[in-house]
Amino acid sequence: MLTDKVESLRDEMVRAMVEMIKIEAISPEAGGKGEVKRAEFLEKWISDFGFDEIKRYDAEDPRAEGGVRPNIVATIYGKNRERSIWIISHMDTVPVGDISKWDTDPFDPVVKDGKIYGRGTEDNGQSLIASMYAAKAIIESGERPDYNYSVVFVADEETGSKYGIQHLVKLGLFKKDDLVVVPDHGVPEGNEIEIAEKSIYWVKVTTYGKQTHSSIPHTGINALRAGAKYLVEVDKELHERFSDENPIFGPPVSTFEPTRKEENQPNINAVPGEDVFYFDMRLIPEHNIDDVMELMNSVADRVSKETGAKVVPELFRGEQAPEPTPPDSEVVVRLKNAIEKVRGIKPKLVGIGGGTCAAYIRYEGIPAAVWSTIDETMHQANEYCKIDNLVNDAKVFALLGFSRMP
Ligand SMILES: [Zn+2]
């Protein structure tokens with residue numbers, strides 16, 4: 001059986017993970033050299049797996065080692081070669097953060113109690129190694145998958161995806177009828193398939209007042225006080241007005257969070273003349289950014305009149321979420337069946353606050369499903385991957401290739 005084949009590769013998977021994590025792959029934006037060394041390692045590692053095709057799609061980036069950000073696509077030809085199943089994971093990792101919080105060397109992985117500790121073992125090393133060994137198991141089984149079966153290792157996921165998945169989308173690799181899985185989000189139970197995301201909007205709010213000495217405040221207009229009044233009032237009104245719920249999302253509502261606050265002045269003894277803060281908003285599809293801005297502007301007008309300051313909200317960054325992946329699309333159905341077969345559970349379909357590679361696939365009108373089984377230790381000190389999750393997720397990926405399970 002195919003799943004037994006995967007199981008027999010368990011030790012090799014652990015070895016591959018340990019060797020891969022030793023090679024740093026941090027984006028230049030985050031102070032690293034990029035992914036080229038790790039990509040070269042992976043190309044070599046899979047060179048004798050028996051793929052029908054292994055291709056590199058490098059994106060130029062003079063800041064990175066080798067001048068490129070590498071992307072690897074390794075393919076097994078299917079019975080039907082008109083369509084493809086893609087499993088997309090990323091090679092890059094975030095930096096280690098506060099090294100004193102780590103119990104082990106983040107780039108010298110330690111295997112302990114059924115876990116592998118190291119930076120990038122969970123995000124996204126687990127899915128990368130799992131997909132690679134799912135493919136190896138398929139090749140060794142001698143069965144051709146229903147469609148082309150491609151495992152994709154992309155660069156630059158943690159810092160915007162311009163040189164990674166966006167580069168591949170631009171090259172036209174992905175077609176309307178393809179099936180795409182992005183295993184870069186999940187829960188410990190492995191029972192959530194993400195098919196939708198919220199729209200992300202960041203709004204910058206600037207309040208202009210009049211600076212003066214704080215012992216004679218009546219001669220100025222306090223921008224901080226006016227901005228704070230606006231924050232409290234608009235926050236309340238946004239939550240009241242945009243209160244619809246969409247149960248597929250966790251949480252089921254649009255969220256409006258005041259987050260960043262810029263420093264207005266270094267000294268304490270002046271009434272600030274200008275003040276800036278930001279909202280991070282995640283909107284369910286029922287809510288639209290134009291309506292949100294309309295409300296923000298009308299509250300701004302009112303607070304400006306009441307305080308004498310001028311409150312100006314403006315869109316800082318905005319991304320309308322792509323259309324959700326249909327719950328009955330073939331990729332979702334196959335994924336559900338495979339998860340049920342391997343883990344004996346019925347996964348539910350969910351939406352999240354946004355932000356995986358899957359968005360760029362969905363913008364092309366191609367259905368993409370996001371799923372993996374993880375303890376959610378990513379981006380933290382002592383990040384780890386559970387070896388059982390590594391192996392069981394690989395079984396699920398292998399079964400995805402076949403509508404009739406071998
Ligand atoms: Zn990730």
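Whatever order the structure lists them in is the order used to number ligands and atoms, beginning at 1.
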| query | Taking it one step at a time, do Glu194 and Asp184 satisfy side-chain contact (heavy atoms from CB on, under 4.5 Å)? | reply | CA-CA 10 Å; Glu194 185 255 289; Asp184 195 18; over 6 Å; no
| request: For the residue pair Gln126 and Asn389, confirm or rule out a side-chain donor-acceptor distance under 3.5 Å. | output: no
| message | Tell me which one of Thr3, Thr373, Val342 satisfies side chain to side chain contact (heavy atoms under 4.5 Å, CB included) with Val396. | response | Val342
| request: Considering only NZ, NE, NH1 and NH2 on the basic side and carboxylate oxygens on the acidic side, decide whether Glu233 and Lys229 come within less than 4.0 Å. | output: yes
| Heteroatom N/O/S of Glu157 within less than 2.8 Å of the Zn ion (ligand 1) | no
| task | Among the N/O/S atoms of Asp184, select the one at the shortest distance from the Zn ion (ligand 1) and name it. | result | OD1
| query | With respect to the Zn ion (ligand 1), what is the nearest N, O or S atom of Asp123? | reply | OD1
| Can an N, O or S atom be found in Glu158 less than 2.8 Å away from the Zn ion (ligand 1)? | no
| task | Examine His90 and say whether one of its N/O/S atoms is closer to the Zn ion (ligand 1) than 2.8 Å. | result | yes
| query | Do you see a donor-acceptor pair shorter than 3.5 Å between the side chains of His379 and Glu158? | reply | yes
